[in-house]
*Asks:* 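Below you will find the structure I want to go over with you.
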2 protein chains.
Amino acid sequence: MTDGPDAGGDWRSRLREQGYRLTPQRELILAAVETLGHATPDEVLAEARRTAPSVNASTVYRTLEVLEGLGLVRHAHLSDRAPTYHSVGGREHFHLKCRNCQRVESVDPEVAGGLLEALRTQHGFVADVGHLTVFGRCETCEEP
Amino acid sequence: MTDGPDAGGDWRSRLREQGYRLTPQRELILAAVETLGHATPDEVLAEARRTAPSVNASTVYRTLEVLEGLGLVRHAHLSDRAPTYHSVGGREHFHLKCRNCQRVESVDPEVAGGLLEALRTQHGFVADVGHLTVFGRCETCEEP
DNA sequence: CTACGTGCAAAAGCTTTGCATGCGT
DNA sequence: ACGCATGCAAAGCTTTTGCACGTAG
């Protein structure tokens with residue numbers, strides 16, 4: 001959860017190098033995303049408020065945008081409504097979402113390798129696997 | 001655009017068989033979706049109003065829900081915000097969305113066959129290809 | 001004649017924006 | 001000291017909901 005391309009506190013330097021300021025809120029919000037795994041802005045807000053109750057929703061939205069711009073978090077659409085954010089601390093992955101039990105599973109990008117290759121050669125399309133979400137029915141829910 | 005599993009006016013019978021009533025608005029909204037190809041509820045409303053200016057937004061939402069329940073239309077998320085609806089008149093397909101030029105391309109499900117198979121065998125997950133949207137960069141926008 | 005579907009208006013989410021103040025650099 | 005980031009409040013959108021009326025069956 002804390003290792004990966006940006007282990008330790010390197011991201012703080014990168015943040016500042018890009019002209020951003022390092023604030024408690026930004027640390028808190030990034031930590032919240034990492035703790036939660038997959039979370040909507042609303043859930044991130046709630047988690048952040050456990051530590052600093054005064055944190056504001058607009059700060060969460062603005063911060064998630066900044067963090068995503070820096071490549072520290074990503075978002076995907078795991079429901080028809082809210083976007084959900086996750087840390088890019090670990091390796092890249094895409095998501096399976098069961099329409100029946102709502103469970104979310106993370107999958108290695110390699111599994112989609114064939115599709116990516118086909119899209120590249122047949123459609124000249126370079127896909128962003130990390131943003132991919134596949135809806136369907138999971139093993140348990142598909143049982144007869 | 002008018003052929004497929006439900007060619008002609010067969011859908012009207014199915015509609016009634018399911019206990020629904022056949023109203024001008026329902027015809028109009030289905031026609032709007034077919035005319036537009038891919039459209040947000042808002043766009044569907046605008047198109048429907050070209051014929052019947054009194055059509056209401058809530059009717060569009062309610063009707064799209066009914067039509068989707070009957071399998072006459074489907075929706076996918078082609079932008080981070082609005083859902084877009086399309087007719088299921090033609091054959092099933094999934095979507096590629098270019099983040100640069102915003103263009104949408106429809107792709108034959110067969111292209112994703114490998115992925116589906118892998119998800120089924122490796123994760124016991126039965127994917128719904130028709131709802132799939134892959135984000136990335138299209139051929140033209142990827143040129144150096 | 002029934003009761004489902006529609007239009008209208010208001011409510012409910014969720015996200016964005018304008019400002020004055022606070023704080024990181 | 002400068003100016004970006006935050007909190008607060010209000011506005012903006014999209015979607016949902018409650019009701020009374022209209023109309024399909």
Side-chain angles (χ1 to χ4, degrees), chain A residues 9 11-33 38-70 72-73 75-85, chain B residues 9 11-33 38-70 72-73 75-85:
Chain A
W11 68 271
R12 298 164 218 256
S13 323
R14 291 214 294 118
L15 187 84
R16 277 187 286 234
E17 277 161 23
Q18 308 264 329
Y20 293 110
R21 291 181 181 176
L22 180 56
T23 68
Q25 289 88 337
R26 285 177 177 165
E27 300 221 44
L28 201 52
I29 288 166
L30 178 55
V33 171
H38 296 107
T40 61
D42 200 57
E43 294 165 335
V44 173
L45 175 62
E47 175 65 22
R49 280 185 165 160
R50 291 181 40 179
T51 303
S54 71
V55 174
N56 191 272
S58 37
T59 299
V60 171
Y61 284 103
R62 290 187 280 226
T63 300
L64 287 173
E65 202 178 322
V66 169
L67 296 179
E68 186 156 35
L70 285 168
L72 295 169
V73 304
H75 80 273
H77 301 276
L78 302 184
S79 88
D80 280 352
R81 300 204 115 257
T84 65
Y85 288 80
Chain B
W11 68 271
R12 299 166 218 255
S13 322
R14 291 214 294 118
L15 186 83
R16 276 188 285 233
E17 277 161 23
Q18 308 263 327
Y20 293 111
R21 292 180 182 178
L22 179 57
T23 68
Q25 289 90 337
R26 284 176 178 166
E27 299 221 44
L28 201 53
I29 288 167
L30 177 54
V33 172
H38 296 107
T40 62
D42 200 57
E43 294 164 335
V44 172
L45 175 62
E47 175 65 22
R49 279 185 166 160
R50 290 181 39 176
T51 303
S54 73
V55 174
N56 191 273
S58 37
T59 300
V60 171
Y61 284 103
R62 290 186 279 225
T63 299
L64 288 173
E65 202 176 324
V66 170
L67 296 178
E68 187 156 35
L70 285 168
L72 295 170
V73 304
H75 81 273
H77 301 276
L78 303 183
S79 88
D80 279 352
R81 300 203 116 256
T84 65
Y85 287 81

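Letters A, B, ... are given to chains in the order of the sequence lines, protein chains preceding strands, and every chain is numbered from 1. Computed from heavy atoms alone, side chains included, the values below leave out hydrogens, waters and symmetry copies.
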*Asks:* By a strict heavy-atom criterion of less than 4.0 Å, which residues belonging to residues 43-51 of chain A are in contact with DNA chain C?
*Replies:* none
*Asks:* With sequence neighbours left out, what residues match B:Glu27 under salt bridge (charged side-chain N to carboxylate O under 4.0 Å, His left out)?
*Replies:*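 Listed in chain order: B:Arg12.
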*Asks:* Using a 4.0 Å heavy-atom cut-off, does A:Pro53 contact any base of the nucleic acid, only the sugar-phosphate backbone, or nothing at all?
*Replies:*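 Nothing, no nucleic acid heavy atom in range.
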*Asks:* Partners of B:Ala46 by side-chain contact (heavy atoms from CB on, under 4.5 Å), sequence neighbours excluded?
*Replies:*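 In terms of side-chain contact (heavy atoms from CB on, under 4.5 Å), with neighbours along the sequence ignored, B:Ala46 is linked to no residue.
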*Asks:* Identify, with sequence neighbours excluded, every residue that meets side-chain contact (heavy atoms from CB on, under 4.5 Å) alongside B:Ala31.
*Replies:* none
*Asks:* Hey, which of these two, A:Val55 or B:Ala57, hits DNA chain D nearer its 5' end, going by closest nucleotide?
*Replies:* A:Val55
*Asks:* Partners of B:Asn56 by side-chain hydrogen bond (donor to acceptor under 3.5 Å, both in side chains), sequence neighbours excluded?
*Replies:*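 Here the qualifying residues are B:Ser58.
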*Asks:* Among A:Thr63, A:Leu64, A:Leu67, find the one that has a side-chain contact (heavy atoms from CB on, under 4.5 Å) with A:Val33.
*Replies:* A:Leu64
*Asks:* Under the side-chain hydrogen bond (donor to acceptor under 3.5 Å, both in side chains) rule, collect the residues that match up with A:Glu68, sequence neighbours excluded.
*Replies:*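 In terms of side-chain hydrogen bond (donor to acceptor under 3.5 Å, both in side chains), with neighbours along the sequence ignored, A:Glu68 is linked to A:His75.
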*Asks:* Tell me every residue that passes salt bridge (charged side-chain N to carboxylate O under 4.0 Å, His left out) with A:Arg49, counting only those two or more places apart in sequence or in another chain.
*Replies:* none
*Asks:* Measure CG/A:Leu28 against C1'/D:dT6 and give the value in whole Å, please.
*Replies:*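 One finds 13 Å between C1' of D:dT6 and CG of A:Leu28, rounded.
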*Asks:* Spell out protein contact along nucleotides 18-25 of chain D as letters: B when the base is contacted, S when just the sugar-phosphate is, - when no protein heavy atom is under 4.0 Å; keep the 5' to 3' order.
*Replies:* B----BBS
*Asks:* For B:Thr40, which residues count as a side-chain hydrogen bond (donor to acceptor under 3.5 Å, both in side chains) partner, sequence neighbours excluded?
*Replies:*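 Counting only residues at least two positions away or on another chain, B:Thr40 forms a side-chain hydrogen bond (donor to acceptor under 3.5 Å, both in side chains) with B:Glu43.
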*Asks:* Determine whether B:His77 and B:Thr84 satisfy the following criterion, side-chain contact (heavy atoms from CB on, under 4.5 Å), listing intermediate values before the conclusion.
*Replies:* CA-CA 6 Å; B:His77 301 276; B:Thr84 65; over 6 Å; no
*Asks:* Students should find this one: the first and last nucleotides of DNA chain C, 5' to 3', lying under 4.0 Å from a heavy atom of chain B. What are they?
*Replies:*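 For DNA chain C, the relevant span reads C:dA3 to C:dT15.
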*Asks:* Taking all heavy atoms of A:Leu28 and all of A:Ala52, pick out the closest pair and write down the distance.
*Replies:*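 Of all heavy-atom pairs spanning A:Leu28 and A:Ala52, the closest is CD2-CB, 3.6 Å.
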*Asks:* Throw together a table of side-chain donor-acceptor distances under 3.5 angstrom for residues 15-24 of chain B, partners on residues two or more places apart or in other chains.
*Replies:*
residue : atom : partner : partner atom : Å
B:Thr23 : OG1  : B:Arg26 : N            : 3.1

*Asks:* Rounded off to whole Å, could you give me the CG-to-P distance for the B:Asn56 and D:dT17 pair?
*Replies:* 15 Å
*Asks:* Using rotation axes that map the C1' atoms of four end pairs onto the next four (five pairs an end), what angle separates the end axes of the helix from C:dC1-D:dG25 to C:dT25-D:dA1, to 10°?
*Replies:* 40°
*Asks:* Send over the distance from B:His75 NE2 to D:dT15 C1', rounded to a whole Å.
*Replies:* 13 Å
*Asks:* How many angstroms lie between CG in B:Leu45 and CZ in B:Arg50, if you round to the nearest 0.5 Å?
*Replies:* 13.0 Å
